[in-house]
Amino acid sequence: MDWGSVTAEDLIDALREVDWSAPPRPISEFFSRFTTPKSLSKWESRLKCNLYYYRTNYFIIIVFILGMGFLRKPVAVLAAFLTGLSIALLNDSFAVSFSEKVTRTIRQFSPQLVAKLRPPAAPVVRGKRTTKRAIHICGQPRMVFVALFASVGCVLWFTSNSLLTVLWALLIGLLTTLIHASFRVPNLKARLSTFREEFRSAWRNYGEF
């Protein structure tokens, strides 16, 4: 993939659809071979490639920095958890996995309730679904839970008086990510991983037709 031709919107869509359950890259690989990009286009291409390939590592770094800032503020920890959960639910694979776990938990206590929480079926015309089935959690669109968790998280941020702390911690985490992604040279594994994701995406699109 020519990462220089990939727009920010394309990158966000890819991060939203990709599977985030993959383990982080090894430390030895994460901290090896750093060079200065030779041009602005090379920097943009390297930045997008690294953000995609090392996404799990960057997520762990940001969460760790945020956690260090809230060691003595349990309310802020809960606020950070709910905010992170609302953001994670925007990812398709995480939302589906979260919905399945919640459904299994509810089934253990009330199988009848699970039947009532099934999402509505997509309309079918001539044996084919007319639209792509939206992701639901407990029978409701996932955006309902995203808005709910984000709203509760915002209330807890203000009540814990930790908004300035999280802004500084988030700034440090994002700056660390930006520096690493700018100077880490994409290796062969990163490029092969990109090609593999492209093939999976093309295969999914083929299956829909």
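All of these numbers come straight from a predicted model, not from anything done at the bench.
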**Q** For a quick test of reading the model, state the closest non-hydrogen atom pair linking I65 to A169 and the distance between them.
**A** CG2-O, 3.5 Å
**Q** Once you measure the plane-to-plane angle for F30 and Y54, does it fall in the parallel (<30°), tilted (30-60°) or perpendicular (>60°) bin?
**A**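 Answer is perpendicular, since the angle exceeds 60°.
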**Q** Would you tell me whether W43 and T36 have side-chain atoms, one donor and one acceptor, within less than 3.5 Å of each other?
**A** no
**Q** Take a 6.0 Å sphere around CZ of F98 and say whether it holds more than 12 heavy atoms from other residues, nucleotides or ligands.
**A** yes
**Q** Closer than 3.5 angstrom, by distance alone: can the side chain of S99 be matched with the main-chain N or O of A95 as a donor-acceptor pair?
**A**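 Side chain of S99 to backbone of A95, a donor-acceptor pair under 3.5 Å: no, none is there.
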**Q** How long is the straight-line distance from CD of E29 back to OH of Y53, given to the nearest 0.5 Å?
**A** 4.0 Å
**Q** Applying the 4.5 Å side-chain criterion to the ILVMFWY set and letting contacts propagate, would F94 and I60 be lumped into a single cluster?
**A**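 No; I60 is not reachable from F94 via cluster members.
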**Q** Decide whether V155 and V144 are clustered together by the hydrophobic rule: side chain heavy atoms of Ile, Leu, Val, Met, Phe, Trp, Tyr closer than 4.5 Å, transitively.
**A** no
**Q** Verify, without hydrogens or angle tests, whether N57 (side chain) and P24 (backbone) share a donor-acceptor contact under 3.5 angstrom.
**A** no
**Q** Any sub-3.5 Å donor-acceptor pair from T159's side-chain atoms to L156's backbone N or O?
**A**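 Yes, T159 side chain to L156 backbone: donor-acceptor pair under 3.5 Å.
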**Q** What closest approach, in Å, do P37 and S182 show between heavy atoms, and which atom pair accounts for it?
**A** CD-O, 3.7 Å
**Q** Could you please spell out the steps behind the side chain to side chain contact (heavy atoms under 4.5 Å, CB included) verdict for T176 and H180?
**A** CA-CA 6 Å; T176 303; H180 181 277; 5.6 Å; no
**Q** Do I87 and I62 sit in one hydrophobic cluster, given that two such residues count as connected whenever their side-chain heavy atoms are within less than 4.5 Å of each other, even indirectly?
**A**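 I87 does not cluster with I62.
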**Q** Return the CD1 to CD distance between I137 and Q140, rounded to the nearest 0.5 Å.
**A**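 I137 atom CD1 to Q140 atom CD measures 10.5 Å (nearest 0.5 Å).
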**Q** If hydrophobic clusters are built from ILVMFWY residues whose side chains come within less than 4.5 Å, do L82 and L148 share one?
**A** yes
**Q** Are there over 12 heavy-atom neighbours, none belonging to F64, within less than 6.0 Å of that residue's CZ?
**A**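 Result for CZ/F64: open.
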**Q** Rounded at 0.5 Å granularity, tell me how far CZ in R55 sits from CG in N50.
**A**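 Between R55 CZ and N50 CG, I get 12.0 Å after rounding to 0.5 Å.
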**Q** Under the criterion side chain to side chain contact (heavy atoms under 4.5 Å, CB included), I'd like the reasoning laid out for L78 against V152: C-alpha separation, chi angles, the key distance, then a yes or no.
**A** CA-CA 10 Å; L78 180 59; V152 176; over 6 Å; no
**Q** Do the side chain of R46 and the main chain of V185 share a donor and acceptor less than 3.5 angstrom apart?
**A** no
**Q** Any side-chain donor-acceptor pair under 3.5 Å between S32 and R184?
**A**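 Their side chains do contain a donor-acceptor pair, which is all the 3.5 Å distance test asks for.
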**Q** Compare every heavy atom of R142 with every heavy atom of L90, then report the nearest pair and how far apart it is.
**A** O-NH1, 3.3 Å
**Q** Would you compute the distance between atom CG of L40 and atom OG of S45 and round it to the nearest 0.5 angstrom?
**A**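 Atom-to-atom, L40:CG and S45:OG are 11.0 Å apart.
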**Q** Please report the closest heavy-atom contact between T177 and Y58, naming both atoms and the distance.
**A**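 Heavy atoms only, the tightest pair is CG2-CG, 3.5 Å.
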**Q** Under the 3.5 angstrom rule, does the side chain of S86 hit a backbone N or O of F149 as a donor-acceptor pair?
**A** no
